[in-house]
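Notes follow the structure.
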Amino acid sequence: MREPQRITPDLIAQHGITPDEYQRIIAILGREPNFTELGIFSVMWSEHCSYKSSRVHLKTLPTTGRCILQGPGENAGVVDIGDGLAIVFKMESHNHPSFIEPRQGAATGVGGIIRDIFTMGARPIALLDPLRFGPLTDVKSRFIAGGVVAGIAGYGNAVGVPTVGGELCVSETYAGNPLVNVFCLGLAPKDRIFLARAGGAGNPVIYVGAKTGRDGIHGATMASETFDEGSEERRPTVQVGDPFREKLLIEACLELMAGDAIVGIQDMGAAGLTCSTCEMASRGGTGIEIDLALVPLRETGMIPYEVMLSESQERMLLVAHAGREHEVMRIFEKWDLDAVIVGRVTDDGLMRVLNHGKVVAEIPARALAEEGPVYRRPMERPAYLDEVQAADLSRIPVFDRPADVLLALLASPNIACKRPVWQQYDHMLFCNTIVEPGSDAAVLRVQGTGKGLALAADGNGRHTYLDPYEGGKLAVAEAARNVVCSGARPLAITNCLNFGNPERPEIMWQFGEAVRGIADACRTFDTPVTGGNVSLYNETLGTAIFPTPIIGMVGLLDDVRQATTQWFKAAGDAVLLLGESRDELGGSEYLKVIHNAETGRPPRLDLDRERAVQAVCLEAIQADVIRSAHDCADGGLAVALAECAVTGPERFGGRFDLPGEFRADSILFGESASRIVVSVRPSDVEAVAALAKRHGVACTRLGTVGGDDLSFRGKGFAFSVPTAQAYEAWDTGLSKLL
Amino acid sequence: MVEARIHVTLKKSVLDPQGDTVKSGLASLGFSGVEDCRIGKFMVLKLQESDPQKARAQVDEMCRKLLANPVIEEYVFEISEVAG
Amino acid sequence: MVEARIHVTLKKSVLDPQGDTVKSGLASLGFSGVEDCRIGKFMVLKLQESDPQKARAQVDEMCRKLLANPVIEEYVFEISEVAG
Amino acid sequence: MKIGILVFPGTWSHQDFEHVCRDVVGIDCGLIWHKDTSVAGYDCLILPGGFAHGDYLRCGGIARFSPVMEAVVAFARSGGPVLGSCNGFQILCEAGLLPGALLRNTSLQYRCRWVHIRTESVSTPFTRAMRPGQVLKVPISHGEGRYYVPPQELAALEAQQQIIFRYATPDGQVTPEANPNGALDNIAGVCNAGRNVVGLMPHPERASEALLGSTDGRLFFTSVLESLAAATR
Ligand SMILES: Nc1ncnc2c1ncn2[C@@H]1O[C@H](COP(=O)(O)OP(=O)(O)O)[C@@H](O)[C@H]1O
Ligand SMILES: [Mg+2]
């Protein structure tokens with residue numbers, strides 16, 4: 001690549017920098033930027049790195065709490081779980097790369113989030129992978145889904161971090177823009193958390209890990225570049241992940257961080273060298289000077305611009321105490337990894353980039369990292385909302401063959417068994433997995449403590465589309481409910497906010513409302529937000545995806561032996577419903593699958609009621625008076641009951657009377673929030689009922705576990721389905737497609 | 001009957017972790033002279049097709065559609081006649 | 001500088017499910033004429049070695065020791081001189 | 001008595017074996033780095049699962065040349081008990097300490113799940129505490145576990161009872177449905193002619209605590225304890 005000689009308005013525009021932003025750059029520098037500096041500003045001030053559109057909204061999220069050791073701002077959040085231990089977790093999106101190259105895009109997404117975790121000094125012990133694809137009946141979407149799952153498996157399995165859960169939802173809205181979010185959790189001694197800060201003028205800055213190539217350099221600018229012959233090979237290349245090298249990086253870094261030779265450490269993710277240098281300097285209130293001539297390169301003829309913007313994977317930057325370099329070198333040598341001193345910490349607050357001693361960029365680090373543009377973009381309630389929310393659902397005919405509807409729902413990809421996905425992931429490594437994928441949340445034990453962690457990821461794009469505020473609340477509520485059903489007390493969340501183009505007022509409104517909903521819910525459940533990720537511009541041909549906030553929730557079990565699963569345990573057990581069914585069909589899976597309608601109002605969520613229902617479930621589990629608990633979500637009560645019956649190691653029948661005085665399909669398949677199906681020993685029914693009473697929560701006896709059929713009775717319906725048939729539908733629904 | 005011998009390789013600028021690892025593996029085995037190692041796929045197809053021209057066109061389409069991933073790989077192939 | 005082009009393929013007696021899958025994949029794409037498909041590895045090594053004879057001996061040893069597993073695989077290679 | 005657990009770059013099950021040895025069964029153990037050249041002081045060696053050298057080229061293909069392997073081979077030739085699980089099994093095959101090779105699963109996909117294996121021979125240091133024909137519930141986690149040996153060798157393995165485990169149904173039937181990876185004759189584990197080197201694809205260390213769903217894996221550890229005790233008697 002050749003450097004353009006002049007900084008033209010075109011070049012500036014191609015870097016996604018507005019005229020105002022350019023003036024700001026000139027003000028910061030006191031001069032015009034050169035090409036390298038322009039590139040540096042463009043990546044640092046991009047939406048991805050600067051959060052310039054979302055910041056004002058994210059500020060409203062609750063981020064503090066008793067157990068929160070580190071909120072947003074570092075590479076990941078840190079939460080105290082007692083016994084001198086802390087968990088470190090975060091969620092990231094890799095949507096666009098996964099669309100371009102599903103396998104590598106997803107793989108490098110996994111690699112990136114894992115680095116965020118061990119950068120903090122924690123050993124990564126679990127992954128979750130919430131996924132959204134177009135209909136799997138479509139070849140392209142099937143190709144993408146297959147590639148993404150293979151990519152996550154290929155990287156996660158090889159690097160040695162078990163994938164213990166996730167989500168897979170399909171909808172037309174994601175056909176041109178799949179969502180690949182990845183959550184990672186790590187464990188660390190509470191007093192050995194490392195931060196991404198440079199400190200101590202004169203301390204060496206050390207580059208470790210893979211060599212730098214032209215991987216993933218800013219497409220826009222390359223397009224603008226005048227190519228000479230043979231430059232085909234120099235176009236931005238798709239990043240390819242190397243899980244083996246990442247594994248070595250994990251071990252080398254953790255070995256290094258067991259000692260005290262380093263001051264700070266930061267992974268090189270988006271905007272690689274640029275981001276890591278200026279952010280470490282800015283956070284540390286120092287400057288950093290590096291010489292690109294010292295950076296290990298994979299390709300020849302790379303110019304400073306390319307080296308600074310490269311997104312080559314499996315690289316880290318760290319600052320060591322002067323005089324302790326050899327300790328760093330020794331450890332990285334042991335692991336056969338490159339470790340090179342590329343510069344030093346300074347006290348002038350500048351990010352100074354040299355090339356063979358000659359200055360090629362010099363920018364105030366803090367201004368670059370922290371004082372980027374912040375926008376309070378215009379918001380406007382989208383017009384479609386009136387239409388969908390006013391939709392008259394009474395016009396939708398009530399089915400006549402409820403058994404077929406139930407089977408169709410059980411077989412629909414959003415509800416069907418996800419084993420075809422998670423059997424490709426090692427989900428048992430480290431001998432922690434007490435509840436494997438397949439129940440409401442995964443449960444891991446914390447070795448040496450008797451405690452357990454419950455992990456769940458949830459988010460319903462359709463609900464959020466129909467009512468962004470409720471959608472935000474519902475996502476947090478369902479994640480918390482999943483964690484509670486597993487016997488854990490919700491601790492904190494991370495999140496991934498996948499939305500369209502923020503420059504459109506109605507998208508920005510969706511975003512603002514969803515964040516407001518998440519904030520309100522998190523306050524109610526006392527689950528602060530420890531960090532997350534915002535992915536905007538998820539659009540194809542001007543149509544945005546359904547606004548899709550995904551919540552990663554972590555809960556704590558004081559006694560891991562109380563881990564509870566969603567499936568029935570024994571014939572003769574009583575089946576109870578905690579919470580109430582209301583006439584709420586809007587936004588349901590039933591409307592989508594059976595009537596191909598995505599309309600109406602999503603279920604209303606009363607936060608206090610939700611909290612009460614969860615309290616009953618959790619206290620009942622802790623009192624050991626219930627044997628299974630399953631939250632009632634996609635597909636409503638009938639589907640939840642069927643899942644309790646067929647998703648476990650042993651399958652059961654059951655006879656159920658469903659409460660409700662409204663239309664039959666709404667009783668069976670409506671998705672009213674704040675409901676949990678529990679099964680209890682007959683002798684414990686009273687105890688559970690009493691608990692519910694104390695919390696003012698409705699507790700209805702639905703029926704009894706047993707027999708070979710699932711029978712449902714209620715106002716306007718009475719039917720039954722052989723358990724074997726229900727299982728078959730659920731078990732093969734997804735494998736038929738993938 | 002024709003036989004197609006297809007070579008699918010990673011584009012030059014695309015990282016080849018496997019090749020790099022094998023290279024260092026060879027080095028630790030004492031083969032110090034290895035400057036570079038790239039690893040790709042080699043596919044042999046037998047086609048029920050007598051006309052080499054047609055076969056060539058078909059195989060090219062197969063490569064574009066399924067056998068190679070145009071985003072990161074490139075391919076070349078030869079066609080030869082073989083006894084059924 | 002010499003370049004070695006190495007082909008490592010599964011022995012006939014060894015089942016190649018990947019080849020079979022690609023074959024049926026091609027069929028489902030409408031390429032009906034595919035009789036057989038076998039998939040192997042293709043490696044390109046660059047060696048700091050001027051003498052082709054020495055290079056040949058070296059590469060053969062590399063294959064026997066590391067690049068191919070005699071239990072399941074066989075290998076062939078060509079050597080050619082290339083510009084450093 | 002001390003168990004040595006080998007660690008190659010990319011190995012990941014060593015922590016789990018360490019945990020079971022130390023916290024569950026109570027055997028002294030230590031980690032052995034692949035660049036070490038001696039295994040002196042160890043009475044038994046375990047090659048754990050993982051992706052040594054990324055499993056690039058072939059699983060275990062590069063790892064077998066690690067400096068420590070010379071010492072491992074010598075230890076095995078002198079009759080010392082050596083167990084390879086998953087990637088460790090693949091390395092032992094590549095190193096020629098065990099017959100055969102492990103190929104890509106016929107599904108072409110990675111598989112992590114519980115399986116049942118039937119004990120075909122209890123006359124090895126790692127199976128002596130099991131009952132002949134005993135069915136064990138253990139997890140697998142691999143993408144390349146399809147065991148293969150050339151036909152003539154298979155007959156020899158059969159004849160010398162070197163096939164130690166077969167994938168089976170919970171009640172011990174060796175059926176195609178019970179075979180998770182397409183392994184020849186449902187073979188899940190084998191031993192060498194000297195019977196002191198055993199390799200299997202499943203993960204006994206993941207099946208050694210009731211909390212994790214099975215304790216059958218402990219039999220591997222109690223077996224080797226017994227045989228070492230017997231040897232020193
Ligand atoms: N992409 C995935 N990767 C791993 N596990 C998954 C994935 N999708 C779903 N699962 C697992 O399947 C089970 C059911 O998923 P889901 O129906 O989304 O649960 P819920 O509706 O309770 O959120 C959960 O244990 C979940 O972790
Ligand atoms: Mg749930």
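Computed over heavy atoms, backbone and side chain alike; hydrogens, waters and symmetry mates excluded. Below, read A as the first sequence line, B as the second, and so on, with proteins coming before strands; counting in each chain starts at 1. Small disclaimer: the values here were computed from a predicted structure and weren't measured.
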- Using heavy atoms and a sub-4.5 Å threshold, report which of residues 15-24 of chain B line up against chain C, by residue number. B/Val22
- Note on the structure: Ordered numerically, the heavy-atom neighbours of chain B under 4.5 Å found in residues 54-63 of chain C are C/Gln58, C/Glu61, C/Met62
- Structural part of C/Leu67 lying under 4.5 Å from a heavy atom of chain B: side chain
- Write out, in numerical order, the residues from residues 34-43 of chain B with a heavy atom short of 4.5 Å from a heavy atom in chain C. B/Val34, B/Glu35, B/Asp36, B/Cys37, B/Arg38, B/Ile39, B/Gly40, B/Lys41, B/Phe42, B/Met43
- Among B/Lys65, B/Gln48, B/Glu49, single out the residue with the greatest number of heavy-atom pairs under 4.5 Å to chain C. B/Gln48
- Option that, when pairs with chain B are counted at under 4.5 Å, heavy atom only, ranks first among C/Val8, C/Leu29, C/Ile6, C/Leu26: C/Leu26
- Task: Not counting sequence neighbours, which residues clear side-chain hydrogen bond (donor to acceptor under 3.5 Å, both in side chains) with C/Ser32? List them please.
- Result: none
